[in-house]
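Down below is the structure, laid out as structure tokens.
We count residues from 1, following the sequence as given.
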Amino acid sequence: MRACPPSSAHSPACLDSYWRLENNHHGKWRCTSATMVFNWARICAAAALVLATAGASQKPHIIFILGDDVGWANTQLHCGVNISRSDFSSSTNCSDVLTPNLLTLQQQGVHLLRHYGYKYCSPSRSSYMSGRYPLHVNEINPTYEQGGGVTRNYTMLPAKLKSQGYATHHVGKWHLGMSSLQRVPTGRGFDSSIGYLLGAEDHYTQRVVQGSHIGVDLWNNSSPAYGKNGTYGDLLYRQAALDIIVKHDPNLPLYLNLALQVDHDPQQAPQSYINRYPNIYSARATFNAMSSVIDDTVGDVVQALKSTGLWDNAIVVFVADNGGASGVNSKNGNNFPLRGGKHTDFEGGVRSTAVVSGGLIPSEARGTTRDQYMHICDWYATLTTLAGASPEDHVPGLPDVDGLNQWSMLTNYSSPSLRNEVPLSSGLSGEHVGDAGLIVGRYKLVVGDQEKGIGFWTGPLYPNGTANQPGPAYMCKQGCVFDLVEDPTEHHDLSSDLPNIKNQLQQRLAELVRTAYQTGKDGPARCQNPVDVMQANHGFWGPFCVE
């Protein structure tokens with residue numbers, strides 16, 4: 001059996017060679033990536049059928065890849081991008097992480113330099129899936145409790161797309177509610193799902209500890225994923241995504257939501273990936289390896305789309321849910337040169353890595369950047385409109401969709417963003433009551449102690465063995481004001497110099513807070529003890545309520 005050279009396993013040349021081998025000699029050439037083997041024969045065999053029916057699907061295929069806790073400097077995307085007019089420039093200081101497939105995706109698409117999400121996991125995902133600001137849907141990371149995530153009163157994105165004839169598939173992290181079967185992915189509009197229901201777990205065993213109890217969090221459609229745990233999770237999810245692409249009926253539009261666990265803690269990566277980073281600080285080598293898992297996954301997905309003929313009518317999005325965890329969890333995420341990280345409203349926590357690519361991007365837009373505001377909730381309106389559905393989702397008594405259709409801005413360099421305001425957090429709920437943030441125009445308001453003062457800056461090569469010291473100097477208890485045009489790294493608090501601006505921002509934040517809505521239990525349900533259900537499921541966590 002012939003194997004692709006490691007340096008070219010993801011290149012068109014390698015795949016072209018395979019096509020010749022398959023067509024001429026009926027061979028079985030497999031390309032190996034890390035510890036998983038991806039059988040490109042299946043992809044190439046499917047390509048003939050897809051090419052024969054090209055053009056049958058007029059609605060665009062939508063591939064949305066969501067990275068977890070990917071810091072601003074945890075890929076190569078921002079190396080060479082000067083975002084600052086003042087203190088720091090990332091154009092001259094780059095990390096040592098290697099992500100060539102993301103760079104290629106960027107060169108074939110549009111790089112979004114002012115894409116915003118919430119400061120941690122579930123609220124960002126809730127915003128993307130519901131089209132609402134986090135303060136209008138969810139600012140809490142749900143655990144084993146009734147309800148949580150996105151209220152069942154809202155129509156999630158997959159249900160919208162399914163109504164337009166899409167085949168809808170979820171792979172990877174969910175974290176949007178799991179207390180009943182109506183709240184897991186297949187209950188919210190996905191035809192299929194394989195992944196974990198909560199926010200984090202051991203990458204290899206898929207085990208989660210709740211109190212004194214340990215169980216596996218891995219769910220397949222409507223039942224535990226028996227026999228599938230025990231593999232590095234994101235390699236499992238990569239293979240699942242490739243299988244979906246290969247088996248997809250080209251006569252149907254495809255929506256694939258691939259939500260990876262990396263770069264979320266625990267800090268674990270296959271040794272073959274860690275070996276790519278010799279002779280550097282061990283914690284950074286492991287974190288870089290996790291980013292390389294993301295990068296290889298992106299490369300394989302893009303290659304599969306191109307080989308099956310789906311790429312030309314596809315939009316492929318890579319987005320991080322929030323910034324890197326530089327001061328919480330493993331504390332190894334790197335957001336250089338931005339300030340702060342996950343769990344803060346500083347730019348390092350909420351300004352997320354984002355690229356949109358695919359054959360649907362006009363040739364003149366490829367390889368360009370956008371330095372205009374986009375919020376993660378905007379994908380709801382953008383993608384539903386592209387699919388031919390209305391982005392409206394009116395529910396009496398609840399906030400309407402906040403997202404804006406940004407397709408014109410994404411594909412036309414001269415088109416402005418429809419967004420001038422970016423509400424970040426309300427300060428009402430979540431894990432840090434009192435911490436809030438708002439952007440209007442060029443100015444930004446940050447309020448609160450920001451996770452007990454972790455609004456510090458890291459260097460380009462972080463972690464490196466030094467320790468950051470959180471403290472009052474990194475807080476904004478009385479409210480800080482920053483000019484994001486002149487000072488995107490948030491070194492200079494202008495609250496004393498611009499009292500009128502500060503007052504206007506505070507008043508607007510107060511107006512938004514009065515409209516806040518937090519998903520709760522959504523009505524009555526018959527619930528069991530989650531531990532009892534886990535034990536009945538032979539050690540697998542799962543839904544424990546009947547609604």
With no hydrogens and no angle check, is any side-chain donor or acceptor of [X] less than 3.5 Å from a backbone partner on [Y]?
X    : Y    : answer
S193 : H170 : no
S122 : G149 : no
D378 : H375 : yes
R284 : N464 : no
T519 : V137 : yes
N334 : P460 : yes
D435 : D449 : yes
S357 : Q108 : yes
Y116 : I439 : no

Tell me, please, which residues at least two apart from C121 pass disulfide bond (SG atoms under 2.5 Å apart).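 C121 satisfies disulfide bond (SG atoms under 2.5 Å apart) with no residue once adjacent residues are dropped.
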
Identified ring-ring contact (aromatic ring centres under 6.0 Å, His included) counterpart of W379 within the set Y128, F64, F318: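 Of the listed options, the one satisfying the test is F64.
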
Donor on one side chain, acceptor on other, [X] and [Y], under 3.5 Å:
X    : Y    : result
N74  : S291 : no
N138 : S126 : yes
Q206 : Y196 : no
Q271 : N275 : yes

Does a side-chain heavy-atom distance below 4.5 Å link [X] with [Y]?
X    : Y    : value
Y462 : F336 : no
L197 : P185 : yes
N288 : D96  : yes
W541 : Q210 : yes

Could you grab the distance from atom [atom1] of [X] to atom [atom2] of [Y], nearest 0.5 Å is fine?
X    : Y    : atom1 : atom2 : result
Y133 : E139 : OH    : CD    : 13.0 Å
F540 : D217 : CZ    : CG    : 9.5 Å
S130 : L176 : OG    : CG    : 9.0 Å

Looking at residues at least two apart in the chain, or sitting in another chain, which of them share a side-chain hydrogen bond (donor to acceptor under 3.5 Å, both in side chains) with T205?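 Residues passing side-chain hydrogen bond (donor to acceptor under 3.5 Å, both in side chains) with T205: D202.
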
Looking at R276 and D295, is any side-chain nitrogen of the basic one under 4.0 Å from a carboxylate oxygen of the acidic one?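 The answer is no: the pair does not qualify as a salt bridge.
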
One pair to check against side chain to side chain contact (heavy atoms under 4.5 Å, CB included): Y273 and D296. What are the steps and the verdict? CA-CA 10 Å; Y273 279 94; D296 278 3; 2.8 Å; yes

Using the test side-chain contact (heavy atoms from CB on, under 4.5 Å), find all partners of [X] that sit at least two apart in sequence or belong to another chain.
X    : value
Q469 : A467
E145 : P142, T143
K228 : I194, L218, N220, A225

Tell me, please, which residues at least two apart from [X] pass salt bridge (charged side-chain N to carboxylate O under 4.0 Å, His left out).
X    : value
D402 : none
R207 : none
E490 : K444

Only counting residues at least two apart or in another chain, list the ones meeting ring-ring contact (aromatic ring centres under 6.0 Å, His included) with Y281.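 Y281 satisfies ring-ring contact (aromatic ring centres under 6.0 Å, His included) with no residue once adjacent residues are dropped.
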
For Y373, does the six-membered ring have the charged nitrogen or CZ of R419 within the cation-pi criterion, i.e. under 6.0 angstrom from the centroid and within 45° of the normal?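 Output no; distance or angle outside limits.
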
Just checking Q478: does its CD atom have more than 12 heavy atoms from other residues, nucleotides or ligands closer to it than 6.0 angstrom?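 Atom CD in Q478 is not crowded, with 12 or fewer foreign heavy atoms closer than 6.0 Å.
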
Can you confirm whether more than 12 heavy atoms, excluding those of Y204, are under 6.0 Å from its OH atom?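 Above 12, so yes.
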
For the residue pair W457 and H491, does the interplanar ring angle fall in the parallel (under 30°), tilted (30 to 60°) or perpendicular (over 60°) class?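 Parallel, since the angle between the ring planes stays under 30°.
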
Anything under 30° is parallel, anything over 60° is perpendicular, the rest tilted; go ahead and classify H432 against H343.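 Perpendicular: the ring planes of H432 and H343 meet at over 60°.
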
Is there a side chain to side chain donor-acceptor pair (under 3.5 Å) between S124 and N322? Walk through the geometry before answering. CA-CA 7 Å; S124 281; N322 46 256; 5.0 Å; no

Could you name each residue pair satisfying salt bridge (charged side-chain N to carboxylate O under 4.0 Å, His left out) that touches residues 103-132, not counting sequence neighbours?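 Salt bridge (charged side-chain N to carboxylate O under 4.0 Å, His left out) check on residues 103-132 returns D68-R125, R114-D371, K119-D345, R125-D321, R132-D393.
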
Determine which pairs satisfy salt bridge (charged side-chain N to carboxylate O under 4.0 Å, His left out) with at least one residue from residues 324-335, sequence neighbours left out, and list them in order.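 Found none.
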
Do the two ring centres, one from H264 and one from H203, sit under 6.0 Å apart?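 Distance test on ring centres: not under 6.0 Å, no.
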
What heavy-atom pair brings [X] and [Y] nearest, and what distance separates the two atoms?
X    : Y    : result
G117 : L424 : O-CD2, 4.3 Å
I501 : Y443 : CG2-CG, 3.8 Å
H136 : L512 : NE2-O, 4.5 Å

Atom pairs and distances, donor-acceptor, side-chain atoms in residues 348-355, under 3.5 Å, two or more places apart:
residue: R351; atom: NE; partner: L113; partner atom: O; Å: 2.8
residue: R351; atom: NH1; partner: E347; partner atom: OE1; Å: 3.3
residue: R351; atom: NH2; partner: L113; partner atom: O; Å: 2.9
residue: S352; atom: OG; partner: H115; partner atom: O; Å: 3.4
residue: S352; atom: OG; partner: H115; partner atom: ND1; Å: 2.9
residue: S352; atom: OG; partner: A320; partner atom: O; Å: 3.3

The single option from V262, V298, D263 passing side-chain contact (heavy atoms from CB on, under 4.5 Å) against V293: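 Of the listed residues V262, V298, D263, the side-chain contact (heavy atoms from CB on, under 4.5 Å) partner of V293 is V262.
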
